[in-house]
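To find a chain, count down the sequence lines: A is the first, B the second, and so on, and within it residues start at 1.
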Amino acid sequence: MDKLPDIVGSIPYLLEGAGYTVAITAVALAIGFCVGLPLALTRVYGDKLASSLAAAYSTALRGLPALVVLFILFYGLSSVISLPAFIAGCLALGVCSSAYQMELLRGAIQSVGPGQMMAARALGMPRLQAIAFIVLPQALRLAIPAWSNEAAVVLKDSSLVYAVGLAELLRRSQQVAARTYQPFLVYVLCAVIYFGLTFATNRSLDTVERAMRLPTPLEEMH
Amino acid sequence: MSEAIVRVQDLHKAYGSTEVLSGVSLEVNEGEVLVIIGPSGTGKSTLLRCINLLTRPDQGRVWLDGEEVTAPHADVNHIRERVGMVFQDFNLFNHLTALGNVMVGLTKVKRMPKQEAHELALFELERVGLQDKADLYPAQLSGGQKQRVAIARALGMDPRVMLFDEPTSALDPELIGEVLEVMKKLAREGMTMIVVTHEMGFAREVSNRMIFMEHGVIVEQGPPEQLFYCAEHPRTCEFLGKITELYGPRQREEE
(Lines give C-alpha, C1' and ligand atoms only; values in the text may rest on other atoms or scores of the structure.)
Protein backbone atom coordinates (compact mmCIF):
# COMPACT_ATOMS: atom_id res chain seq x y z
CA MET A 1 0.00 0.00 0.00
CA ASP A 2 2.99 2.26 -0.45
CA LYS A 3 1.24 3.68 -3.48
CA LEU A 4 -1.60 5.09 -1.40
CA PRO A 5 0.02 8.51 -0.82
CA ASP A 6 0.57 8.68 -4.55
CA ILE A 7 -3.12 8.04 -5.19
CA VAL A 8 -4.15 10.52 -2.55
CA GLY A 9 -1.80 13.00 -4.13
CA SER A 10 -3.58 12.43 -7.46
CA ILE A 11 -6.99 13.36 -6.12
CA PRO A 12 -6.71 17.06 -7.05
CA TYR A 13 -5.68 15.95 -10.56
CA LEU A 14 -8.74 13.70 -10.78
CA LEU A 15 -11.02 16.40 -9.44
CA GLU A 16 -9.73 18.77 -12.07
CA GLY A 17 -10.76 16.12 -14.58
CA ALA A 18 -14.15 15.98 -12.92
CA GLY A 19 -14.32 19.71 -13.59
CA TYR A 20 -14.13 18.95 -17.33
CA THR A 21 -16.76 16.27 -16.87
CA VAL A 22 -19.09 18.78 -15.24
CA ALA A 23 -18.33 21.41 -17.88
CA ILE A 24 -19.03 19.05 -20.79
CA THR A 25 -22.23 17.89 -19.10
CA ALA A 26 -23.45 21.42 -18.43
CA VAL A 27 -22.73 22.63 -21.97
CA ALA A 28 -24.19 19.49 -23.55
CA LEU A 29 -27.36 19.74 -21.47
CA ALA A 30 -27.70 23.41 -22.36
CA ILE A 31 -27.27 22.67 -26.07
CA GLY A 32 -29.71 19.77 -25.75
CA PHE A 33 -32.27 22.02 -24.08
CA CYS A 34 -31.87 24.94 -26.48
CA VAL A 35 -32.29 22.63 -29.47
CA GLY A 36 -34.74 20.20 -27.87
CA LEU A 37 -37.29 22.75 -26.64
CA PRO A 38 -37.96 24.44 -29.99
CA LEU A 39 -38.11 21.00 -31.59
CA ALA A 40 -40.60 19.80 -28.99
CA LEU A 41 -42.74 22.90 -29.60
CA THR A 42 -42.50 22.31 -33.35
CA ARG A 43 -43.50 18.71 -32.86
CA VAL A 44 -46.57 19.67 -30.83
CA TYR A 45 -47.67 22.94 -32.41
CA GLY A 46 -45.99 22.96 -35.82
CA ASP A 47 -47.74 22.21 -39.09
CA LYS A 48 -47.65 18.70 -40.46
CA LEU A 49 -44.37 19.10 -42.35
CA ALA A 50 -42.43 20.80 -39.55
CA SER A 51 -43.78 18.35 -37.02
CA SER A 52 -42.70 15.31 -39.01
CA LEU A 53 -39.27 16.82 -39.67
CA ALA A 54 -38.83 17.24 -35.92
CA ALA A 55 -39.97 13.67 -35.39
CA ALA A 56 -37.47 12.44 -37.98
CA TYR A 57 -34.63 14.33 -36.28
CA SER A 58 -35.49 12.69 -32.99
CA THR A 59 -35.82 9.20 -34.46
CA ALA A 60 -32.52 9.49 -36.32
CA LEU A 61 -30.48 10.73 -33.38
CA ARG A 62 -31.98 8.41 -30.84
CA GLY A 63 -30.94 5.58 -33.15
CA LEU A 64 -27.24 6.52 -33.03
CA PRO A 65 -24.71 5.78 -30.30
CA ALA A 66 -23.30 9.02 -28.89
CA LEU A 67 -19.80 7.71 -29.49
CA VAL A 68 -20.47 7.36 -33.21
CA VAL A 69 -21.75 10.93 -33.36
CA LEU A 70 -18.65 12.02 -31.49
CA PHE A 71 -16.34 10.20 -33.91
CA ILE A 72 -18.12 11.68 -36.89
CA LEU A 73 -17.69 15.17 -35.47
CA PHE A 74 -14.10 14.70 -34.29
CA TYR A 75 -12.55 12.42 -36.91
CA GLY A 76 -15.10 12.44 -39.71
CA LEU A 77 -15.09 16.20 -40.09
CA SER A 78 -11.39 16.64 -39.37
CA SER A 79 -10.64 17.26 -43.07
CA VAL A 80 -13.22 20.05 -43.15
CA ILE A 81 -12.94 21.53 -39.70
CA SER A 82 -10.75 20.43 -36.86
CA LEU A 83 -12.77 20.69 -33.67
CA PRO A 84 -11.03 20.64 -30.28
CA ALA A 85 -11.93 17.52 -28.30
CA PHE A 86 -13.86 19.56 -25.73
CA ILE A 87 -16.02 21.26 -28.36
CA ALA A 88 -16.61 18.04 -30.28
CA GLY A 89 -17.60 16.30 -27.04
CA CYS A 90 -20.05 19.04 -26.02
CA LEU A 91 -21.59 19.11 -29.50
CA ALA A 92 -21.92 15.33 -29.82
CA LEU A 93 -23.47 14.85 -26.40
CA GLY A 94 -25.59 17.99 -26.82
CA VAL A 95 -26.99 16.91 -30.17
CA CYS A 96 -27.77 13.42 -28.89
CA SER A 97 -29.32 14.82 -25.73
CA SER A 98 -31.44 17.25 -27.75
CA ALA A 99 -33.36 14.33 -29.23
CA TYR A 100 -34.07 12.85 -25.79
CA GLN A 101 -34.87 16.24 -24.29
CA MET A 102 -37.19 16.93 -27.18
CA GLU A 103 -39.13 13.77 -26.40
CA LEU A 104 -39.35 14.39 -22.67
CA LEU A 105 -40.38 18.02 -23.19
CA ARG A 106 -42.93 16.98 -25.78
CA GLY A 107 -44.49 14.62 -23.27
CA ALA A 108 -44.58 17.37 -20.66
CA ILE A 109 -46.11 19.90 -23.06
CA GLN A 110 -48.76 17.44 -24.16
CA SER A 111 -49.71 16.60 -20.61
CA VAL A 112 -50.62 20.23 -19.90
CA GLY A 113 -53.94 19.73 -21.67
CA PRO A 114 -55.54 21.57 -24.59
CA GLY A 115 -57.90 23.54 -22.35
CA GLN A 116 -55.06 25.70 -21.06
CA MET A 117 -54.10 26.79 -24.56
CA MET A 118 -57.73 27.36 -25.48
CA ALA A 119 -58.39 29.52 -22.44
CA ALA A 120 -55.25 31.55 -23.15
CA ARG A 121 -56.25 32.09 -26.76
CA ALA A 122 -59.77 33.03 -25.66
CA LEU A 123 -58.23 35.84 -23.58
CA GLY A 124 -56.66 37.18 -26.76
CA MET A 125 -53.15 35.84 -26.28
CA PRO A 126 -51.22 35.14 -29.45
CA ARG A 127 -49.99 31.57 -29.64
CA LEU A 128 -46.38 32.30 -28.71
CA GLN A 129 -47.47 34.30 -25.68
CA ALA A 130 -49.76 31.47 -24.59
CA ILE A 131 -46.90 29.02 -24.93
CA ALA A 132 -44.47 31.24 -23.03
CA PHE A 133 -46.71 32.31 -20.16
CA ILE A 134 -49.27 29.53 -19.81
CA VAL A 135 -48.09 26.23 -21.28
CA LEU A 136 -44.35 26.24 -20.61
CA PRO A 137 -44.43 27.28 -16.94
CA GLN A 138 -46.58 24.19 -16.34
CA ALA A 139 -44.79 21.86 -18.76
CA LEU A 140 -41.31 22.66 -17.46
CA ARG A 141 -42.41 21.87 -13.92
CA LEU A 142 -43.72 18.51 -15.09
CA ALA A 143 -40.50 17.87 -17.01
CA ILE A 144 -38.11 18.23 -14.08
CA PRO A 145 -38.03 14.56 -12.94
CA ALA A 146 -37.44 13.25 -16.46
CA TRP A 147 -34.94 16.02 -17.09
CA SER A 148 -33.07 15.09 -13.94
CA ASN A 149 -32.77 11.59 -15.31
CA GLU A 150 -31.46 12.92 -18.62
CA ALA A 151 -28.89 15.04 -16.76
CA ALA A 152 -27.56 11.92 -15.04
CA VAL A 153 -27.36 10.08 -18.37
CA VAL A 154 -25.42 12.89 -20.04
CA LEU A 155 -23.10 13.20 -17.06
CA LYS A 156 -22.21 9.55 -17.32
CA ASP A 157 -22.00 9.67 -21.12
CA SER A 158 -19.48 12.48 -20.84
CA SER A 159 -16.95 9.74 -20.08
CA LEU A 160 -17.17 8.86 -23.80
CA VAL A 161 -15.23 12.00 -24.64
CA TYR A 162 -12.26 10.15 -23.16
CA ALA A 163 -12.11 8.36 -26.50
CA VAL A 164 -11.02 11.50 -28.34
CA GLY A 165 -8.31 12.27 -25.84
CA LEU A 166 -9.83 14.89 -23.57
CA ALA A 167 -8.34 14.67 -20.07
CA GLU A 168 -11.64 14.42 -18.25
CA LEU A 169 -12.26 12.29 -15.18
CA LEU A 170 -12.09 8.84 -16.77
CA ARG A 171 -9.02 9.64 -18.89
CA ARG A 172 -7.17 10.97 -15.87
CA SER A 173 -8.17 7.96 -13.81
CA GLN A 174 -6.68 5.75 -16.47
CA GLN A 175 -3.45 7.72 -16.38
CA VAL A 176 -3.23 7.55 -12.59
CA ALA A 177 -4.06 3.83 -12.61
CA ALA A 178 -1.29 3.18 -15.10
CA ARG A 179 1.22 5.20 -13.13
CA THR A 180 0.40 3.73 -9.71
CA TYR A 181 -0.39 0.14 -10.79
CA GLN A 182 -3.52 0.37 -8.60
CA PRO A 183 -6.35 0.17 -11.13
CA PHE A 184 -8.88 -1.12 -8.60
CA LEU A 185 -8.43 1.67 -6.09
CA VAL A 186 -8.18 4.36 -8.71
CA TYR A 187 -11.25 3.26 -10.67
CA VAL A 188 -13.25 2.87 -7.49
CA LEU A 189 -12.25 6.39 -6.60
CA CYS A 190 -13.29 7.46 -10.09
CA ALA A 191 -16.62 5.68 -9.65
CA VAL A 192 -17.18 7.38 -6.30
CA ILE A 193 -16.61 10.78 -7.89
CA TYR A 194 -19.04 9.99 -10.73
CA PHE A 195 -21.60 8.76 -8.24
CA GLY A 196 -21.17 11.85 -6.11
CA LEU A 197 -21.74 14.08 -9.12
CA THR A 198 -24.84 12.21 -10.29
CA PHE A 199 -26.23 12.03 -6.79
CA ALA A 200 -25.73 15.75 -6.22
CA THR A 201 -27.29 16.55 -9.59
CA ASN A 202 -30.39 14.44 -8.95
CA ARG A 203 -30.74 15.70 -5.42
CA SER A 204 -30.52 19.34 -6.34
CA LEU A 205 -33.05 18.87 -9.13
CA ASP A 206 -35.35 17.10 -6.66
CA THR A 207 -35.09 20.17 -4.49
CA VAL A 208 -35.88 22.41 -7.43
CA GLU A 209 -38.89 20.26 -8.25
CA ARG A 210 -40.19 20.43 -4.70
CA ALA A 211 -39.69 24.18 -4.57
CA MET A 212 -41.56 24.67 -7.86
CA ARG A 213 -44.33 22.19 -7.12
CA LEU A 214 -47.80 23.68 -7.21
CA PRO A 215 -50.00 23.41 -4.14
CA THR A 216 -52.22 20.35 -4.00
CA PRO A 217 -55.90 20.42 -3.00
CA LEU A 218 -56.51 21.63 0.54
CA GLU A 219 -58.17 18.46 1.78
CA GLU A 220 -55.00 16.48 1.08
CA MET A 221 -53.05 18.70 3.42
CA HIS A 222 -54.91 17.53 6.51
CA MET B 1 -79.07 46.40 -36.91
CA SER B 2 -76.33 48.61 -35.57
CA GLU B 3 -76.96 47.82 -31.91
CA ALA B 4 -76.38 44.07 -32.48
CA ILE B 5 -73.25 43.15 -30.53
CA VAL B 6 -72.97 39.71 -32.05
CA ARG B 7 -74.31 38.85 -35.46
CA VAL B 8 -73.95 35.39 -36.92
CA GLN B 9 -74.95 34.65 -40.47
CA ASP B 10 -75.45 31.23 -42.02
CA LEU B 11 -72.76 29.40 -40.04
CA HIS B 12 -71.67 25.98 -41.25
CA LYS B 13 -69.14 23.69 -39.61
CA ALA B 14 -68.36 20.04 -40.20
CA TYR B 15 -65.91 17.74 -38.48
CA GLY B 16 -65.04 15.20 -41.14
CA SER B 17 -68.33 14.04 -42.57
CA THR B 18 -70.34 15.06 -39.51
CA GLU B 19 -72.01 18.40 -39.99
CA VAL B 20 -72.26 20.10 -36.60
CA LEU B 21 -73.63 23.44 -37.73
CA SER B 22 -75.87 23.55 -40.77
CA GLY B 23 -76.67 27.19 -41.32
CA VAL B 24 -77.17 29.05 -38.06
CA SER B 25 -77.98 32.75 -38.02
CA LEU B 26 -78.64 34.87 -34.97
CA GLU B 27 -78.26 38.31 -33.51
CA VAL B 28 -77.67 39.37 -29.95
CA ASN B 29 -78.32 42.94 -28.89
CA GLU B 30 -76.66 44.96 -26.20
CA GLY B 31 -77.70 43.85 -22.70
CA GLU B 32 -79.53 40.81 -23.97
CA VAL B 33 -79.21 37.41 -22.31
CA LEU B 34 -79.59 34.65 -24.85
CA VAL B 35 -79.89 31.08 -23.62
CA ILE B 36 -79.17 28.24 -26.03
CA ILE B 37 -80.54 24.81 -25.22
CA GLY B 38 -80.65 21.53 -27.05
CA PRO B 39 -79.50 17.93 -26.90
CA SER B 40 -75.76 17.32 -26.73
CA GLY B 41 -73.89 17.12 -30.00
CA THR B 42 -76.14 19.64 -31.74
CA GLY B 43 -73.47 22.28 -32.22
CA LYS B 44 -74.13 24.60 -29.28
CA SER B 45 -70.52 24.66 -28.10
CA THR B 46 -69.25 24.85 -31.66
CA LEU B 47 -71.49 27.84 -32.26
CA LEU B 48 -69.98 29.64 -29.25
CA ARG B 49 -66.47 28.78 -30.36
CA CYS B 50 -67.13 30.09 -33.85
CA ILE B 51 -68.04 33.48 -32.39
CA ASN B 52 -64.50 34.08 -31.10
CA LEU B 53 -62.92 31.87 -33.74
CA LEU B 54 -61.56 29.26 -31.35
CA THR B 55 -63.13 27.14 -34.06
CA ARG B 56 -63.07 28.44 -37.60
CA PRO B 57 -66.39 27.99 -39.38
CA ASP B 58 -66.35 26.36 -42.82
CA GLN B 59 -68.82 28.86 -44.12
CA GLY B 60 -70.75 31.86 -42.84
CA ARG B 61 -69.85 35.17 -41.27
CA VAL B 62 -69.64 36.54 -37.75
CA TRP B 63 -69.65 40.19 -36.67
CA LEU B 64 -68.72 41.58 -33.30
CA ASP B 65 -69.75 45.15 -32.67
CA GLY B 66 -70.12 45.67 -36.39
CA GLU B 67 -66.59 44.41 -37.11
CA GLU B 68 -66.39 41.25 -39.14
CA VAL B 69 -64.58 38.57 -37.16
CA THR B 70 -64.47 36.18 -40.10
CA ALA B 71 -62.88 38.74 -42.44
CA PRO B 72 -59.64 37.37 -43.95
CA HIS B 73 -57.33 39.84 -42.21
CA ALA B 74 -59.26 40.44 -39.01
CA ASP B 75 -57.10 40.84 -35.91
CA VAL B 76 -58.36 37.72 -34.19
CA ASN B 77 -56.46 38.27 -30.93
CA HIS B 78 -57.80 41.77 -30.60
CA ILE B 79 -61.32 40.53 -31.24
CA ARG B 80 -61.00 37.78 -28.65
CA GLU B 81 -60.05 40.35 -26.02
CA ARG B 82 -63.57 41.69 -26.29
CA VAL B 83 -65.29 38.33 -26.00
CA GLY B 84 -65.22 36.76 -22.55
CA MET B 85 -65.46 33.00 -22.53
CA VAL B 86 -66.29 30.66 -19.69
CA PHE B 87 -65.72 26.94 -20.22
CA GLN B 88 -67.47 23.90 -18.85
CA ASP B 89 -64.27 22.61 -17.23
CA PHE B 90 -63.06 26.05 -16.06
CA ASN B 91 -59.61 25.87 -17.68
CA LEU B 92 -58.04 28.02 -15.00
CA PHE B 93 -54.28 28.35 -15.41
CA ASN B 94 -53.01 25.82 -12.89
CA HIS B 95 -49.68 27.51 -12.20
CA LEU B 96 -51.22 30.84 -11.26
CA THR B 97 -53.17 31.90 -8.18
CA ALA B 98 -56.75 33.10 -8.48
CA LEU B 99 -55.37 36.64 -8.62
CA GLY B 100 -52.70 35.63 -11.16
CA ASN B 101 -55.37 34.05 -13.35
CA VAL B 102 -57.25 37.33 -13.54
CA MET B 103 -54.09 39.43 -13.87
CA VAL B 104 -52.32 37.52 -16.64
CA GLY B 105 -54.63 38.71 -19.42
CA LEU B 106 -54.40 42.27 -18.16
CA THR B 107 -50.61 42.41 -17.98
CA LYS B 108 -49.76 40.25 -21.00
CA VAL B 109 -52.57 41.02 -23.43
CA LYS B 110 -53.69 44.50 -22.39
CA ARG B 111 -50.16 45.45 -21.26
CA MET B 112 -51.54 47.10 -18.17
CA PRO B 113 -49.01 48.14 -15.48
CA LYS B 114 -48.71 45.53 -12.72
CA GLN B 115 -50.08 47.71 -9.95
CA GLU B 116 -53.14 48.71 -11.94
CA ALA B 117 -53.74 45.11 -13.05
CA HIS B 118 -53.44 43.96 -9.45
CA GLU B 119 -56.11 46.40 -8.29
CA LEU B 120 -58.46 45.60 -11.15
CA ALA B 121 -58.00 41.85 -10.62
CA LEU B 122 -58.85 42.22 -6.93
CA PHE B 123 -61.93 44.21 -7.89
CA GLU B 124 -63.04 41.50 -10.33
CA LEU B 125 -62.51 38.80 -7.70
CA GLU B 126 -64.60 40.86 -5.30
CA ARG B 127 -67.31 41.04 -7.96
CA VAL B 128 -67.58 37.25 -7.88
CA GLY B 129 -67.21 37.16 -4.09
CA LEU B 130 -63.74 35.64 -3.95
CA GLN B 131 -61.45 38.45 -2.83
CA ASP B 132 -60.41 36.33 0.18
CA LYS B 133 -59.29 33.49 -2.13
CA ALA B 134 -56.98 35.67 -4.23
CA ASP B 135 -53.80 33.85 -3.20
CA LEU B 136 -55.06 30.29 -3.60
CA TYR B 137 -54.17 28.11 -6.56
CA PRO B 138 -56.86 26.43 -8.68
CA ALA B 139 -56.16 23.07 -7.05
CA GLN B 140 -57.09 24.61 -3.70
CA LEU B 141 -60.47 25.90 -4.87
CA SER B 142 -63.81 24.13 -5.13
CA GLY B 143 -65.40 23.70 -8.54
CA GLY B 144 -67.80 26.56 -7.96
CA GLN B 145 -65.00 28.85 -6.85
CA LYS B 146 -62.93 27.86 -9.87
CA GLN B 147 -65.75 28.78 -12.19
CA ARG B 148 -66.24 32.12 -10.44
CA VAL B 149 -62.52 32.87 -10.85
CA ALA B 150 -62.88 31.94 -14.53
CA ILE B 151 -65.76 34.43 -14.79
CA ALA B 152 -63.63 37.10 -13.05
CA ARG B 153 -60.79 36.37 -15.46
CA ALA B 154 -63.08 36.94 -18.43
CA LEU B 155 -64.65 40.06 -16.89
CA GLY B 156 -61.23 41.59 -16.27
CA MET B 157 -60.75 41.99 -20.00
CA ASP B 158 -63.84 44.24 -20.06
CA PRO B 159 -65.63 42.18 -22.71
CA ARG B 160 -68.51 43.38 -24.88
CA VAL B 161 -70.15 39.97 -24.61
CA MET B 162 -69.71 36.93 -22.37
CA LEU B 163 -70.02 33.41 -23.76
CA PHE B 164 -70.84 30.66 -21.26
CA ASP B 165 -70.35 27.09 -22.45
CA GLU B 166 -72.30 24.89 -20.03
CA PRO B 167 -70.72 26.70 -17.07
CA THR B 168 -72.37 24.52 -14.42
CA SER B 169 -72.34 21.11 -16.08
CA ALA B 170 -69.13 19.97 -14.41
CA LEU B 171 -70.19 21.10 -10.94
CA ASP B 172 -71.58 19.22 -7.98
CA PRO B 173 -75.25 20.15 -7.54
CA GLU B 174 -74.64 22.12 -4.35
CA LEU B 175 -72.04 24.32 -6.08
CA ILE B 176 -74.18 25.27 -9.06
CA GLY B 177 -76.10 27.95 -7.15
CA GLU B 178 -73.11 30.16 -6.40
CA VAL B 179 -72.12 30.27 -10.08
CA LEU B 180 -75.67 30.99 -11.23
CA GLU B 181 -75.91 33.80 -8.66
CA VAL B 182 -72.85 35.46 -10.17
CA MET B 183 -74.29 35.06 -13.65
CA LYS B 184 -77.62 36.51 -12.60
CA LYS B 185 -75.83 39.48 -11.09
CA LEU B 186 -73.98 40.04 -14.34
CA ALA B 187 -77.21 39.91 -16.27
CA ARG B 188 -78.77 42.49 -13.93
CA GLU B 189 -75.77 44.73 -14.49
CA GLY B 190 -76.58 44.70 -18.18
CA MET B 191 -73.87 42.37 -19.49
CA THR B 192 -74.62 40.89 -22.89
CA MET B 193 -74.51 37.14 -22.49
CA ILE B 194 -74.85 34.02 -24.59
CA VAL B 195 -75.34 31.02 -22.36
CA VAL B 196 -75.41 27.36 -23.31
CA THR B 197 -76.98 25.62 -20.34
CA HIS B 198 -79.45 23.07 -19.07
CA GLU B 199 -80.35 25.25 -16.07
CA MET B 200 -83.95 25.96 -16.92
CA GLY B 201 -84.50 27.98 -13.75
CA PHE B 202 -81.77 30.36 -14.86
CA ALA B 203 -83.15 30.46 -18.39
CA ARG B 204 -86.66 31.29 -17.23
CA GLU B 205 -85.59 33.89 -14.71
CA VAL B 206 -82.80 35.72 -16.52
CA SER B 207 -82.93 35.22 -20.27
CA ASN B 208 -84.66 37.54 -22.70
CA ARG B 209 -84.66 34.99 -25.44
CA MET B 210 -84.15 31.26 -25.76
CA ILE B 211 -82.98 29.26 -28.70
CA PHE B 212 -83.63 25.56 -29.10
CA MET B 213 -81.04 23.91 -31.35
CA GLU B 214 -81.01 20.44 -32.78
CA HIS B 215 -79.00 18.79 -35.57
CA GLY B 216 -77.03 21.94 -36.22
CA VAL B 217 -79.96 24.26 -36.83
CA ILE B 218 -82.12 26.57 -34.75
CA VAL B 219 -85.43 24.77 -34.37
CA GLU B 220 -87.25 27.46 -32.48
CA GLN B 221 -86.57 30.69 -30.65
CA GLY B 222 -88.48 33.19 -28.61
CA PRO B 223 -88.96 34.59 -25.12
CA PRO B 224 -88.65 31.89 -22.42
CA GLU B 225 -92.37 31.95 -21.58
CA GLN B 226 -93.19 31.14 -25.17
CA LEU B 227 -90.80 28.19 -25.35
CA PHE B 228 -91.77 26.87 -21.96
CA TYR B 229 -95.52 27.16 -22.25
CA CYS B 230 -96.50 27.30 -25.89
CA ALA B 231 -93.67 26.04 -28.02
CA GLU B 232 -94.68 25.64 -31.65
CA HIS B 233 -92.37 22.81 -32.49
CA PRO B 234 -93.13 19.40 -30.96
CA ARG B 235 -89.42 18.64 -30.44
CA THR B 236 -89.04 21.77 -28.33
CA CYS B 237 -91.91 20.68 -26.08
CA GLU B 238 -90.51 17.19 -25.79
CA PHE B 239 -87.00 18.38 -24.94
CA LEU B 240 -88.12 20.99 -22.45
CA GLY B 241 -90.49 18.46 -20.90
CA LYS B 242 -87.68 16.00 -20.36
CA ILE B 243 -85.28 18.60 -19.01
CA THR B 244 -87.87 20.04 -16.64
CA GLU B 245 -88.73 16.55 -15.44
CA LEU B 246 -85.05 15.94 -14.77
CA TYR B 247 -84.28 19.22 -13.08
CA GLY B 248 -87.82 19.95 -11.91
CA PRO B 249 -87.64 19.69 -8.11
CA ARG B 250 -84.80 22.15 -7.76
CA GLN B 251 -86.52 24.69 -9.94
CA ARG B 252 -89.65 24.59 -7.84
CA GLU B 253 -87.48 25.21 -4.80
CA GLU B 254 -85.89 28.19 -6.50
CA GLU B 255 -89.26 29.74 -7.27
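The two residues B:Y137 and A:P215 make their nearest non-hydrogen contact at CD1-CG, 3.1 Å.
When heavy atoms are compared at a cutoff of 4.5 Å, B:F93 approaches chain A by way of both its backbone and its side chain. Proximity to chain A (any heavy atom under 4.5 Å) is shown, for B:V104, by both the backbone and the side chain. For A:Q129, the part sitting under 4.5 Å from any heavy atom of chain B is the side chain, from C-beta outward, and nothing else. Residue contact with chain B, scored on non-hydrogen atoms closer than 4.5 Å, involves the side chain of A:L214 exclusively. Using a 4.5 Å cut-off between heavy atoms, B:R49 contacts chain A through its side chain alone, with no backbone atom that close. With a threshold of 4.5 angstrom between heavy atoms, A:R141 approaches chain B through side-chain atoms but not through N, CA, C or O.
Residue-environment remark: OH (A:Y162) stays at or below the threshold of 12 foreign heavy atoms within 6.0 Å. Counting non-hydrogen atoms of neighbouring residues, nucleotides and ligands closer than 6.0 angstrom, the OH atom of A:Y20 reaches no more than 12 such neighbours.
Counting only distance, with no hydrogens or angles, the side chain of B:E81 and the backbone of A:L123 share no donor-acceptor pair below 3.5 Å.
Residue B:H95 forms a side-chain contact (heavy atoms from CB on, under 4.5 Å) with just one option from A:V112, A:L140, A:I134, and that option is A:I134.
Looking only at side-chain heavy atoms (C-beta outward), A:M118 and B:M85 stay at 4.5 Å or farther from each other.
The side chain to side chain contact (heavy atoms under 4.5 Å, CB included) test applied to A:A18 returns A:L169, A:I193, A:L197, not counting sequence neighbours. Contacts of A:R203 classified as side chain to side chain contact (heavy atoms under 4.5 Å, CB included), with partners at least two apart in sequence or in another chain: A:F199, A:D206.
With values rounded to the nearest 0.5 angstrom, A:F133 atom CZ is found 11.0 Å from B:L96 atom CG. Here the CZ atom belonging to A:R121 is positioned 5.5 Å from the CG atom belonging to B:N77, to the nearest 0.5 angstrom.
When each of B:N52, B:L92, B:D89, B:I79 is checked for heavy-atom pairs under 4.5 Å with chain A, B:L92 comes out on top.
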